[in-house]
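These numbers come from the heavy atoms of this one structure, side chains and all, not from hydrogens, waters or symmetry mates. Protein chains get the first letters and strands the later ones, always in sequence-line order, with residue 1 at the start of each.
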Amino acid sequence: MAAAESMPELAMKPPRLGHPNLGLGVGLRTVHFSHILRAQPEVDWFEIISENFIDSQGRPRYVLEQIAERYRVVMHGVSMSIGSTDPLDFEYLAKLKRLAGEINAHWISDHLCWTGVAGRNSHDLLPIPFNEETLRHAVERIRIVQDFLERPLVLENPSSYVTFADSTMTEWEFLTRMAEDADCGLLLDVNNVYVSSVNHDFDPHEFVESVPHHRVVQVHLAGHTNCGTHLIDTHDGEVIDPVWELYRKAHRLTGGVSTLLEWDASIPPFEVVHHEVLKAKRHMSEQLETTEAVPRPATPRETAVPHPLHFVAPEVE
Amino acid sequence: MSHRLDEIQRWMQAVITHAGGIVPGIESPQARGEIDVDTARVEEVIARSEALSSVERLGVYGNAYFARLLECMGESFPCLVQALGEETFDEFAFGYLQTYPSTSYTLNHLADRFPDYLRETRPDTGELGGGEVGWPDFIIDLATLELTFEKVFDGPGFEHASILEADDLAAVAPEVWPQVRLRPVPCLRLLAFHFPVNAYFTAFRREEEPEIPGPHREFVAITRRDYVVRRFNLSPAQFALLGKLIEGAQVGEAIEAAAEAFTGTVEELADGLRQWFGEWAAAGFFESLELPD
């Protein structure tokens, strides 16, 4: 049973927190800037990495303004550090808010994670223990951020590689209670669900079935790397069948939400990335079909690095 | 025994960012000061999975921490990576990241202090002697050049502003010219090097594999136009002139500084000045001019 159906008092909440289903989008990456400006491909929407643009006074910002004039845009961040015990960075939040207004972003998302403490930033999406203390902490900070941004925050489940002895509940229980208590949205990354399920020995279908579907504003798709003993969220390839299977389930349970493909390493030409997300159309129409889940062959790669890694290289004449 | 969230976070950060790896990280005073477990008891904090031990799972984050940031550093300094070789560059960058870990929400500031770090750790003794120009200066110069590209590329520019054209300069009455002040565009930077690193970078851009050059003074102006970083080689006199103008000096004072650095005749300097100002205006070096009262 879907979570929303088990909570009648929540039935009045509109799906996706009232946000539109933007269709099938692509993560905007600098290597595709020239192609997008020149070819103006028919793409439903773009998701930007907020930190690449909030301070930009150069070409990245110039390109974004042109893209935002033609396409619908969503802001996705990697540095809010909502789970950190360091103070919130209100200067950063003010920049997010300003950019969201300037490019008319449909929503602002980040991750349920922490990125550093004691003033440091690891530039990684670090996991939190799922327990009552962390839940209270996250909910309080989400409320503060939402009040400041004057809009609901949308938070993504990150891929993770450790679990904590101090966890007392599942990730999906934590996400459900967090979203309801803080009244925020969820970005359900079905690739992350799969990666974490392998790394932490849980059933990914139970995760997707259990989150509050009316709060899922957006879905992420991506590729990952199989290291044999664990998976790493590398965003460097095609989406594998077991992840598509989770996507079909998420699509059915949510009634359809904005879907976005992330590709952050070994990035191919734009058409290849766009083609990958368009595969979702077939999975929507075949939503009740299930195929044998075939794990990606193990290709041990000790050098695999979890993304995000977002950096804008300068253009020099 | 349960641990507070802040303790867990400080402990995990100390463990996964330890330069020696996960086990030395767990055993480090910094980590033990937060949560006092040794490697044998780490499952009291991090659970194991069916396939991996707690230490191996932490290793995913530990490996990623430096790998990710070293990759980012390499992207900031592609020419320096080629000059030094990836392994040597990574050694420098690895030391830098331990001394100056990121404290910014953006990776765009990750490399900001790398040239400073290279200066601070510059070997000043032994074969080089104190203060003598040597290979460390080549590395510092090239790092400074590539960092400047990054800052100019995404910093303030003048793409949406009007700039001073050559005709605007020509319209200034000759008698007031020495009292004029020229305001540079915000992206204009002047750099003086011990080694010809700009020429070295040009060869790198042409996908050549240049030899590391010997010491030779080089003066460069960096700016941005149409969102692309532009480079201009300068003579010592041009560097002195532009330097004074950027400081806010009047044109006459700046020309005096240029004359001191100029090795030709007065006539040659006068011809040069006309040509230089015309070229710099065409390149968009100046935003506006301030006439004397």
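- Taking 4.5 Å as the limit, every side-chain heavy atom of Val117(A) sits out of range of all side-chain heavy atoms of Asp6(B).
- Remark: Leu52(B) CG to Asp201(A) CG distance equals 9.0 Å, nearest 0.5 Å.
- In this structure, the portions of Tyr105(B) lying under 4.5 Å from any heavy atom of chain A include both its backbone and its side chain.
- The residue among Arg224(B), Glu50(B), Glu56(B) with the most heavy atom pairs within less than 4.5 Å of chain A is Glu50(B).
- Ranked by heavy-atom pairs shorter than 4.5 Å toward chain A, the options Arg230(B), Arg205(B), Arg48(B) are led by Arg205(B).
- Side-chain contact check for Asp124(A) versus Ile16(B): every heavy-atom pair is 4.5 Å or farther apart.
- Remark: the backbone N or O of Leu5(B) is paired with a side-chain donor or acceptor of Glu133(A) at under 3.5 angstrom.
- Taking chain A as the reference chain and counting heavy-atom pairs below 4.5 Å, the highest number among Gly157(B), Gly155(B), Cys187(B) is found for Gly155(B).
- Using a 4.5 Å heavy-atom threshold, the side chains of Tyr227(B) and Val63(A) count as separate.
- Side-chain contact between Thr163(A) and Arg57(B) is present, with heavy atoms from C-beta onward closer than 4.5 Å.
- In this structure, chain A has a heavy atom under 4.5 Å from the backbone of Ser104(B), while its side chain stays farther away.
- For the atom pair CD of Glu315(A) and CZ of Phe153(B), the computed distance is 4.5 Å after rounding to the nearest 0.5 Å.
- Between Tyr161(A) and Tyr61(B), the ring planes lie perpendicular to each other; the angle is over 60°, past the 30° to 60° tilted range.
- Between the side chains of His123(A) and Ser102(B), a donor-acceptor pair is found at a separation under 3.5 Å.
- Distance check, rounded to the nearest 0.5 Å: CG of Leu107(B) to CG of Asn121(A) gives 7.5 Å.
- Of the atoms belonging to Glu43(B), it is backbone heavy atoms, and not side-chain ones, that fall under 4.5 Å from chain A.
- Of the two parts of Ser84(A), the backbone and the side chain both hold a non-hydrogen atom closer than 4.5 Å to a non-hydrogen atom of chain B.
- Under the 4.5 Å side-chain criterion, counting only non-hydrogen atoms from C-beta, Asp154(B) is not in contact with Arg61(A).
- To the nearest 0.5 Å, atom CZ of residue Arg120(A) and atom CD of residue Gln13(B) are 5.0 Å apart.
- Arg10(B) touches chain A through backbone and side chain together, each having a heavy atom under 4.5 Å away.
- Here Phe158(B) contributes atom CZ and Gln57(A) contributes atom CD; the two are 14.0 Å apart, rounded to the nearest 0.5 Å.
- Between the side chain of Glu159(B) and the main chain of Arg59(A), no donor-acceptor pair closer than 3.5 Å is present.
- Contact annotation: the side chain of Val316(A) approaches that of Arg231(B) to within less than 4.5 Å [non-hydrogen atoms, C-beta and beyond].
- If you measure heavy-atom distances from Ser167(A) to chain B, you find no contacts under 4.5 Å at all.
- At a threshold of 4.5 Å between non-hydrogen side-chain atoms, the residues Asp55(A) and Asn108(B) do not count as touching.
- Contact of the Arg4(B) side chain with the Thr85(A) side chain is not registered, since no non-hydrogen atoms from C-beta on lie closer than 4.5 Å.
- Chain A forms the most heavy-atom pairs under 4.5 Å with one residue out of Lys151(B), Met12(B), His160(B), and that residue is Met12(B).
- Interatomic distance, Asn131(A) CG to His3(B) NE2, rounded to the nearest 0.5 Å: 12.0 Å.
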